[in-house]
Q: 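Please see the structure below; I have some questions.
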Amino acid sequence: MSFVFVFSSFRNRERRIEDIKVNFLGDNNLFMTEASVNKLLIQKVNSLSNMTKEILDLNELENVLKSNPMIKTAEVHLTVNGEVRADVLQRKPIARVSTNVSYYIDDEGTFMPLSTFHSARVPLVTGHVKKNKLEKVYKLAEKVFNDAFLKMHVVEIHQKENETFVLKTRAFDFEIWLGNLDNLEKKINNLKAFYQKAKKDNELTNYSIVNLQFDNQVVCTKK
């Protein structure tokens, strides 16, 4: 029995890697393809299909995938029949910076490069934006992404040189002057209240600026 066990273990360790299977977790917005993930793995281990299970380092393969800026996390495991399986969770962009250099900001406030395979439908961020100073932009972009009303309407976040913000919408001609991010929740609630009343009164097309910078009031500029 001991001999059979040892022999079986030896045969299992010497089994050749037969295939690679990539499983993308989460939504279907593929900023990487299965082929591009395979390429990362194969480049690292140098002809993965010819390696034996004994010398395959799964942790090393996971680290290769996690180091890619498109990937949030990854797990690699090996099946008994010699198939390498990689479960990959991609980063989720919530805004796209469009200045002299374009890139995404993901849902953790981290830089994420653009993809050649897929373009996310997220608000543009324009104006004075610095890649090493994204905290305020991220806070506002996260609010827009997680708020159903803002997500439906806001298409652009513009940051001025003094780090105040202007929002632009998909359907309306007016700009929303948000100012700084102090009392952000109250400002957004004021915007929603204004929207409901102006819509009811059929006045949404009458304004060029909706200013939320003043306490407890919305100041509008007519066209």
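Only this structure's heavy atoms are used, side chains among them; waters, hydrogens and symmetry mates stay out. The shown structure was predicted, so the numbers you read here are calculated from the model rather than taken from an experiment.
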Q: Would you call Thr73 and Ile71 a side-chain contact if the rule is heavy atoms closer than 4.5 Å?
A: no
Q: Indicate if Val101 and Val137 have the same hydrophobic cluster label, given that clusters are the connected sets of ILVMFWY residues with side-chain heavy-atom separations under 4.5 angstrom.
A: yes
Q: Is there a side-chain contact between Asn68 and Met32 in this structure, where contact means two heavy atoms from C-beta onward sitting under 4.5 Å apart?
A: yes
Q: Given side-chain hydrogen bond (donor to acceptor under 3.5 Å, both in side chains), test Glu156 with Thr126 step by step and report yes or no.
A: CA-CA 7 Å; Glu156 183 178 338; Thr126 60; 2.7 Å; yes
Q: With a 4.5 Å cut-off on side-chain heavy atoms, are Asn162 and Asn180 touching?
A: no
Q: Answer yes or no: are there more than 12 heavy-atom neighbours, outside Gln217 itself, under 6.0 Å from its atom CD?
A: yes
Q: Do Val76 and Leu78 share a hydrophobic cluster, counting only Ile, Leu, Val, Met, Phe, Trp and Tyr and linking them when any side-chain heavy atoms are less than 4.5 Å apart?
A: yes
Q: With a 6.0 Å cut-off (strictly less than), is the heavy-atom count around CD of Glu75, excluding the residue itself, greater than 12?
A: no
Q: Ignoring hydrogens, what is the shortest heavy-atom contact between Asp107 and Tyr138? Give both atom names and the distance.
A: O-OH, 2.9 Å
Q: Take atom CZ in Arg121; do more than 12 heavy atoms of anything else shown fall under 6.0 Å from it?
A: no
Q: Just by modelled atom types, is the Ala120 backbone N or O under 3.5 Å from a matching donor or acceptor in the Tyr104 side chain?
A: yes
Q: Is the distance between the ring centroids of Tyr207 and Phe172 under 6.0 Å?
A: no
Q: State, to 0.1 Å, how close Thr99 and Gly127 come at their nearest heavy-atom pair, and which atoms those are.
A: CG2-O, 3.6 Å
Q: Taking atom CD of Gln90 and atom CE of Met112, what is their separation to the nearest 0.5 Å?
A: 7.0 Å
Q: Please step through side chain to side chain contact (heavy atoms under 4.5 Å, CB included) for the pair His153 and Arg170, ending with a clear verdict.
A: CA-CA 5 Å; His153 292 292; Arg170 177 176 288 106; 5.7 Å; no
Q: Test side chain to side chain contact (heavy atoms under 4.5 Å, CB included) on Asn38 and Val22 and set out the steps.
A: CA-CA 8 Å; Asn38 283 343; Val22 179; 3.5 Å; yes
Q: Can you tell me how far CD1 of Ile188 sits from CG of Leu212, rounded to the nearest 0.5 angstrom?
A: 7.0 Å
Q: Parallel under 30°, tilted from 30 to 60°, perpendicular over 60°: which one fits the rings of Tyr195 and Phe149?
A: perpendicular
Q: Can you tell me how far CD1 of Ile94 sits from CG of Asn146, rounded to the nearest 0.5 angstrom?
A: 7.5 Å
Q: In Å, rounded to the nearest 0.5 Å, how long is the span from CD1 of Ile105 to CZ of Phe145?
A: 13.0 Å
Q: Check for me, please, whether Phe111 and Val129 land in the same ILVMFWY cluster - side-chain distances under 4.5 Å, paths through other members count.
A: yes
Q: Taking atom NZ of Lys92 as the centre, does the number of heavy atoms from other residues, nucleotides or ligands within less than 6.0 Å exceed 12?
A: no
Q: Taking atom CG of Leu30 and atom OG of Ser115, what is their separation to the nearest 0.5 Å?
A: 9.0 Å
Q: So that I can tick it off, tell me whether Asp201 and Lys197 are bridged by a salt bridge, with the cut-off set at under 4.0 angstrom between side-chain N and carboxylate O.
A: yes
Q: Could you see if Leu150 belongs to whatever hydrophobic cluster contains Val122? Use Ile, Leu, Val, Met, Phe, Trp, Tyr and a side-chain cutoff under 4.5 Å.
A: no
Q: Share the residues that join Val166 in a hydrophobic cluster, the rule being Ile, Leu, Val, Met, Phe, Trp or Tyr side chains under 4.5 Å apart at the heavy-atom level.
A: Trp177, Ile209
Q: Please walk me through it: do Asn23 and Leu25 pass side chain to side chain contact (heavy atoms under 4.5 Å, CB included)?
A: CA-CA 6 Å; Asn23 176 38; Leu25 307 176; 3.4 Å; yes
Q: The criterion is salt bridge (charged side-chain N to carboxylate O under 4.0 Å, His left out); which residues satisfy it with Lys223, sequence neighbours excluded?
A: Asp173
Q: Does the pair Asn63 and Glu60 meet the rule for a side chain to side chain contact (heavy atoms under 4.5 Å, CB included), with working shown?
A: CA-CA 5 Å; Asn63 289 334; Glu60 185 178 15; 5.5 Å; no
Q: Are any non-hydrogen side-chain atoms of Arg91 and Glu108 less than 4.5 angstrom apart?
A: yes
Q: Using a cut-off of 6.0 Å, state whether more than 12 heavy atoms not belonging to Lys21 lie near its atom NZ.
A: no
Q: For Lys136 and Glu163, work out which heavy atoms get closest and say how close.
A: NZ-OE1, 2.7 Å
Q: If every non-hydrogen atom of Leu204 is compared with every non-hydrogen atom of Ala198, which pair is closest and at what distance?
A: CD2-CB, 3.6 Å
Q: For the residue pair Leu191 and Lys187, establish whether any side-chain heavy-atom pair is separated by less than 4.5 Å.
A: no
Q: If we only count heavy atoms from C-beta on, is the Val155 to Pro123 side-chain gap below 4.5 Å?
A: no
Q: Would you say Leu114 and Arg96 make side-chain contact, with heavy atoms under 4.5 Å?
A: yes
Q: Roughly how far, to the nearest 0.5 Å, is CG of Leu134 from OH of Tyr103?
A: 4.5 Å
Q: Do Ile176 and Leu181 sit in the same hydrophobic cluster, where Ile, Leu, Val, Met, Phe, Trp and Tyr count as joined when their side-chain heavy atoms come under 4.5 Å apart?
A: yes
Q: Please report the shortest heavy-atom distance between Gln159 and Phe165, naming the atom on each side.
A: OE1-CZ, 3.2 Å
Q: Side chains of Val218 and Asn211, heavy atoms from C-beta outward: is any pair under 4.5 Å?
A: no
